[in-house]
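Since the structure comes first, as structure tokens, the remarks are kept for the end.
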Amino acid sequence: MSTGRTSGSDDKPRGSLFDAVRDRSRVVSTETSAAVPRGLRIATAYSWRVIVVAAAIGILVWLVIQLKLLVIPLLIAILITALLWPAFAWMLRRRVPRWLAIVISVVGTLAIVTGLLWLVVWQIMQQWDSVQASTVAAIDQFRQYLIDGPLHLSSEQIDDLLDQGWAFIQEQAELLWSGALAIGSTIGHVVTGAVLAFFILLCLLADGAGIWRWTLRLFPKKARPAADGAGRAGWITVVNYARTQLLVATIDAIGIGAGAALLGVPLAIPVAVLVFLGAFVPIVGAVVTGAVAVFLALVYNGPWIALWMLVVVLGVQQLEGHVLQPLLMGSAVKVHPLAVVLVVAGGAMIAGIPGALFAVPLAAFVNVVAVYLAERAWETGRKPSGDLIWSTVPRQRRVRP
């Protein structure tokens, strides 16, 4: 009686579909596939993999945009935690109780922010009359320049332009009022996001290690050492980034604010606070806030004071970038300026101001994690030695013999 088997290869077990895919001898080839050049086959293999990765990144970005009311407070809390972490960890090493370290860190931060806001409001109230008068004088001077300058506009033409501008504003009034509800909703979202970010901050400071251990359980057991090492390396990078940007922001704010005050530029303290906040967007923020200081000097103090204000802005930025920062940070390696501009611009195009704020630390984190995993650093125990966007260790200076 026949058993259904013939001979030869029919006696071998068929195996699973996965075994068939892995067995290169079972790959079916045709005359068409054989005629395709090898370079084209390699390019095709790369192409479909790039398409899959791009699709995954696109889906991730779409999910982040849909969940922005949760993602933005989470990222803000993580960044604030990174800013507070050096002082918080220092207190824990000095055996300060964790609850007391949390209170000191959070209350101290709120006190600093409240003090800065009070200084801003106080100076605006003190100089409001003089600023208003200077504004009226600057407008009249500009109007006279349009009449006597190369444009040679008449008073009637200037009045017509002003009337057209006012009419345009009135036409847009309905759109502005219709957006009031949306603005109110946005204010509610901001308040909700601030409360959520504060709660996440407290949780991270109170039990960040426990949250990370729970997160690691989401990975397979074999992948947990790699995920743990990569996450810790990325966190060190984010902390170093936050510390560096805090240093840069403080130096820029003190230098530019003091220069504005010495030159007699109005609203020196608000300008300093604006510079401090803008410095957390690398390169782009410093350029924009420095331009605001120069513009105020040009409007209220004239071109010569504006020129000296520009000298102060450029001098402070060069001082902190080439002297103080390498001295205080141990010659830390920073991201290339071109990469910063591209990353910040891409983040702003995707998510606006939050995207510009979080673009560089996210890029630094992803880059360090990728290098860590590519070098299998969790097995060797060595720190990643590849080209990092933001180095976690100082660069060794070469000493010439």
Side-chain angles (χ1 to χ4, degrees), residues 44-82 186 189-190 192-194 196-197 199-201 203-204 208 211-242 245 280-282 284 335-336 338-378 384 386-390 392:
T44 305
Y46 274 107
S47 298
W48 73 260
R49 287 175 172 84
V50 170
I51 291 174
V52 171
V53 173
I57 294 176
I59 293 174
L60 179 61
V61 171
W62 181 80
L63 288 175
V64 169
I65 294 175
Q66 297 301 315
L67 301 175
K68 60 183 178 181
L69 297 180
L70 296 177
V71 173
I72 292 177
L74 175 62
L75 294 179
I76 291 175
I78 292 175
L79 187 58
I80 295 176
T81 304
T186 302
H189 291 162
V190 169
T192 304
L196 182 59
F199 177 75
I200 295 174
L201 172 64
C203 292
L204 291 176
I211 295 174
W212 177 242
R213 287 193 298 268
W214 177 86
T215 304
L216 286 177
R217 295 195 189 101
L218 301 177
F219 294 88
K221 288 185 178 180
K222 293 183 179 180
R224 289 176 187 175
D228 185 36
R232 293 180 184 276
W235 172 248
I236 293 174
T237 300
V238 173
V239 171
N240 284 343
Y241 163 82
Q245 289 307 114
F280 284 94
V281 180
V284 178
V335 62
H336 193 278
L338 177 60
V340 169
V341 173
L342 293 178
V343 169
V344 171
M349 292 173 62
I350 294 174
I353 295 178
L357 177 63
F358 300 118
V360 174
L362 281 177
F365 180 86
V366 171
N367 189 79
V368 170
V369 168
V371 172
Y372 185 93
L373 295 177
E375 295 186 355
R376 305 184 71 86
W378 72 93
D387 294 331
L388 306 181
I389 284 185
W390 202 287
T392 58

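Values reported hereafter were calculated over all heavy atoms of this structure, with side chains retained and with hydrogens, waters and symmetry mates removed.
Annotation for Gly193 and Pro73: closest pair O-CB, 3.5 Å, computed over non-hydrogen atoms. Residues Phe365 and Trp235 share a closest heavy-atom pair of CE1-N, 3.9 Å. Among all heavy-atom pairs drawn from Leu201 and Ala77, the shortest one is N-CB, 3.8 Å. Closest approach of Ala359 and Gly347 over heavy atoms only: CB-CA, 4.3 Å. Nearest heavy atoms, Val360 versus Tyr241: CG1-CE1, 3.7 Å.
Annotation: side-chain contact (heavy atoms from CB on, under 4.5 Å) contacts of Leu74 (sequence neighbours excluded): Ile78, Ile200. When the side-chain contact (heavy atoms from CB on, under 4.5 Å) test is applied to Ile57, the partners found at least two apart in sequence or on another chain are Val53, Val61. Take Ala374 and apply the side-chain contact (heavy atoms from CB on, under 4.5 Å) test, not counting sequence neighbours, and it matches no residue. Taking the side-chain contact (heavy atoms from CB on, under 4.5 Å) definition, one finds that Phe358 meets it with Leu75, Ile76, Leu79, Pro354, Leu362, sequence neighbours left out. Listed by chain and number, the residues in a side-chain hydrogen bond (donor to acceptor under 3.5 Å, both in side chains) with Arg213 amount to none (sequence neighbours excluded).
The side-chain heavy atoms of Leu69 and Thr192, taken from C-beta on, include no pair separated by under 4.5 Å.
A side-chain contact (heavy atoms from CB on, under 4.5 Å) with Ile236 is found for exactly one of Asn240, Val239, Val238, namely Asn240.
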Donor-acceptor list for residues 219-230 side chains, cut-off 3.5 Å, not counting sequence neighbours:
unit_1, atom_1, unit_2, atom_2, d
Arg224, NE, Leu216, O, 3.4
Arg224, NE, Phe219, O, 3.1
Arg224, NH2, Arg217, O, 3.4
Asp228, OD1, Trp212, NE1, 2.8
Asp228, OD1, Arg232, NE, 2.9
Asp228, OD2, Arg232, NE, 3.4

